[in-house]
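Convention: sequence-line order gives letters A, B, ...; per-chain numbering from 1.
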Number of protein chains: 2
Amino acid sequence: METQKESILYHHFEKFIPISESLKIELFNRIEYQEFKKGELLHQSHKVCTKSYFIQKGLVRSFFLKDGKEITEFFSCENEWVNSPKSFMQRKVDIYDIDAIEDTSVFWLEINDLGYLFDHFPEMERYARLSMGAIMRHLLERITILRFTTAKEKYNHFCEVYKDIYHRIPLGMVASYLGITQETLSRIRK
Amino acid sequence: METQKESILYHHFEKFIPISESLKIELFNRIEYQEFKKGELLHQSHKVCTKSYFIQKGLVRSFFLKDGKEITEFFSCENEWVNSPKSFMQRKVDIYDIDAIEDTSVFWLEINDLGYLFDHFPEMERYARLSMGAIMRHLLERITILRFTTAKEKYNHFCEVYKDIYHRIPLGMVASYLGITQETLSRIRK
DNA sequence: CAAAACTTTTGATTTAAATCAAAAAATTAT
DNA sequence: ATAATTTTTTGATTTAAATCAAAAGTTTTG
């Protein structure tokens, strides 16, 4: 497993920052591998989220309950980190559950270990800043799309942005992600 | 002006990180003060945004044109940074103009100077990570509100989040920010 | 202070999408 | 395989908000 960890994660980090030998060691020593079957929960809403998951293979969704229905907040796939953001950053309980849409394998890092890395490796702070920038740009685009497009345009945009995964996700989850009903999405799709 | 710079900005940074004497000097030496009259542009969309503005006094909006109409993307007020995010982070032209809704005074920092600070003061990277976290949480909440609330609920939420500034902003700008028409917002408000 | 320009309100009508209800299709479990 | 469960599609109706149009109210400026 060690070589796999190294190659996949190393490659990911190297997109943002150069990784020194010492950081590599400290980072990989703290990372754990885990597998989840389809439907299993990576995180439960009633707990504080203390782990951040890097998805090696598979697909997960973050969702919450509203009027008894599951509302998808985001999808996360290969080579992305996922956690319950508010819970993870502020060490408190939040509304999100995270489950596996497909059988999923991940590497995870404890928040305390991440804190250690931030304290001892400034380049990790830089990595966080740069990768958060990419996420922010994604969120900003989503906000624009949500405000000024029809249901059809929302779906088309979704298929572009998530072109590798849109066909792997049940329709109902996509609908709530887009803020439309599944009946509407079903009609759009045909 | 020097003491004012120091007190306002110093206080802001200290919310996130301790500021060393040397960072203080390097930071304040690079920051410029500027005033804008109501209606003046801080940033024009056809240029690359190379400055980030910290608002000392006043109120600005970032907007773009869609079908000939001005669509507000966000409002920024006292003690907040504002720039054209994609343009600033990726050094390319984007769609946003930024103008002053009220007479506004700012401190600005050039992207190259910010880069210098990131390279020499790891705590600045941390500051960026932490403050971006706060912005991300704000964007996530906005996404949830946009998808599942009525126009009235959107407006009520807006007034809560922007309780100090909502009454200072023309109705049409608020409407486009919320993704509703100004006729609808006018009806909601009475 | 009056004219011009801009912003907000009001009214009538249309429309995209929600809601309610049920059937069909696809998965999952026995 | 067959039953049970879940997901998706189809149909009829309602509704919130958009659109179109114009009047009323503000603010700016010459």
Which nucleotide in the set dT10(C), dT8(D), dT8(C) lies at the smallest distance from any side-chain heavy atom of E183(B)?
-> dT10(C)
What is the distance from NZ of K152(A) to P of dA18(C), rounded to the nearest Å?
-> 15 Å
First of T184(A) and M173(B) reached from the 5' end of DNA chain C, by closest nucleotide | M173(B)
Starting from C1' on dA23(C), measure out to CZ on R187(A) and report it in whole angstrom.
-> 13 Å
Which nucleotide in the set dT8(C), dT9(D), dA18(D) lies at the smallest distance from any side-chain heavy atom of L171(A)?
-> dT9(D)
Ignoring the backbone of S186(A), work out which of dA17(C), dT9(D), dT7(D) is nearest its side chain.
-> dT9(D)
Just to confirm, is there a sub-4.0 Å distance from OP1 or OP2 of dA16(D) to any side-chain nitrogen or oxygen of T150(B)?
-> no
In terms of ring plane angle, is the pair W81(B) and F13(B) parallel, tilted or perpendicular, where the classes change at 30° and 60°?
-> perpendicular
Look up atom NZ in K69(B) and atom CZ in F64(B), then write down how far apart they are to the nearest 0.5 Å.
-> 12.5 Å
Rounded to whole angstroms, how far apart are CD on Q182(A) and P on dA21(C)?
-> 16 Å
Centroid-centroid under 6.0 Å between Y162(A) and Y166(A) rings | no
What does G179(A) touch in the nucleic acid at a heavy-atom separation under 4.0 angstrom: a base, only the sugar-phosphate, or nothing?
-> sugar-phosphate
Just say parallel, tilted or perpendicular for the rings of F75(B) and Y177(B), cut-offs at 30° and 60°.
-> tilted
In whole angstroms, the gap separating P of dT27(C) from NZ of K38(A) amounts to 9 Å
Please report, rounded to the nearest Å, how far the C1' atom of dT10(C) is from the CZ atom of R189(B).
-> 15 Å
Under 4.0 angstrom, heavy atoms only, what part of the nucleic acid is I180(A) near: base, sugar-phosphate, or nothing?
-> sugar-phosphate
K15(A), NZ: over 12 other non-hydrogen atoms inside 6.0 angstrom = yes
Within this structure, what is the CD-to-P distance between E153(A) and dA17(C), rounded to whole angstrom?
-> 9 Å
Rounded off to whole Å, could you give me the NZ-to-C1' distance for the K154(B) and dA16(D) pair?
-> 10 Å
From CG of L185(B) across to P of dT7(C) the rounded distance in Å is 14 Å
Minimum-distance nucleotide (side-chain atoms of T181(A) versus dT19(D), dA17(C), dT19(C)) | dT19(C)
